[in-house]
Amino acid sequence: MWSPESYLTALRFAAERHAGQTVPGTELPYLVHVTSVAAEVMRGLALEPMAAPDLAVTCALLHDVVEDTATELAEVAAGFGDPVARGVAALSKDARLAKDEQLDDSLRRIRDCPREVWAVKLADRITNLQPPPIRWTADKRRRYQAEARRIHAALAGGHAALGERLAEMIERYTAYLEPA
Ligand code: NI
């Protein structure tokens, strides 16, 4: 079972670091995204326990602090330990690479991490397969669904329940492929 104390420590850190940011296309605080990813991870853990639940939940809450804020990996390591920092590093795209290489590179690095980190990436994309912003073109929506299929192909073996849920969300997303 994950620990509520670890959850709160990571949540506070994420809340400070993402302060002022919103979920793209909405006015919701960015924390809504990271707590939704954590909720998906916790549902997954309830259905199918993993060896290190706190690693999964903490990485879920912190998965975007390096990619989307000025936070350094060293701060994550100092506050939450090396396994969490390694997970957050793998979950962060490498902005030095060409955009179309970033996802596959991240997926390769995630696959070198414990399965708990795979679970976070599955949960992240499950969460992101909400109805897309109106301004997204049909082409962008199709590419987003195709990317989700790549994530599923690479990582569904890491957690069957989250893999199944991602597959369901990918199918459901087909309804949004034509812009309104
Ligand atoms: Ni995310």
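One-based numbering, in listed order, for ligands and for the atoms of each.
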Under the side-chain contact (heavy atoms from CB on, under 4.5 Å) test, residues paired with Asp112 that sit two or more places apart: none
Glu147 meets the side-chain contact (heavy atoms from CB on, under 4.5 Å) criterion, sequence neighbours left out, with Leu103, Arg125, Tyr144, Arg150
Kindly check if the number of other-residue, nucleotide or ligand heavy atoms within 6.0 Å of CZ (Arg149) is above 12? yes
His18 and Asp68 side chains, donor-acceptor separation under 3.5 Å: no
Near the Ni ion (ligand 1), meaning under 2.8 Å, the protein N/O/S atoms are His33 NE2, His63 NE2, Asp64 OD2, Asp124 OD1
Can you pull the side-chain hydrogen bond (donor to acceptor under 3.5 Å, both in side chains) pairs that have at least one residue in residues 72-88, sequence neighbours excluded? Arg17-Glu75
What I want to find out is whether Asp104 reaches Arg108 closely enough, with some N-O distance under 4.0 Å, to be called a salt bridge. no
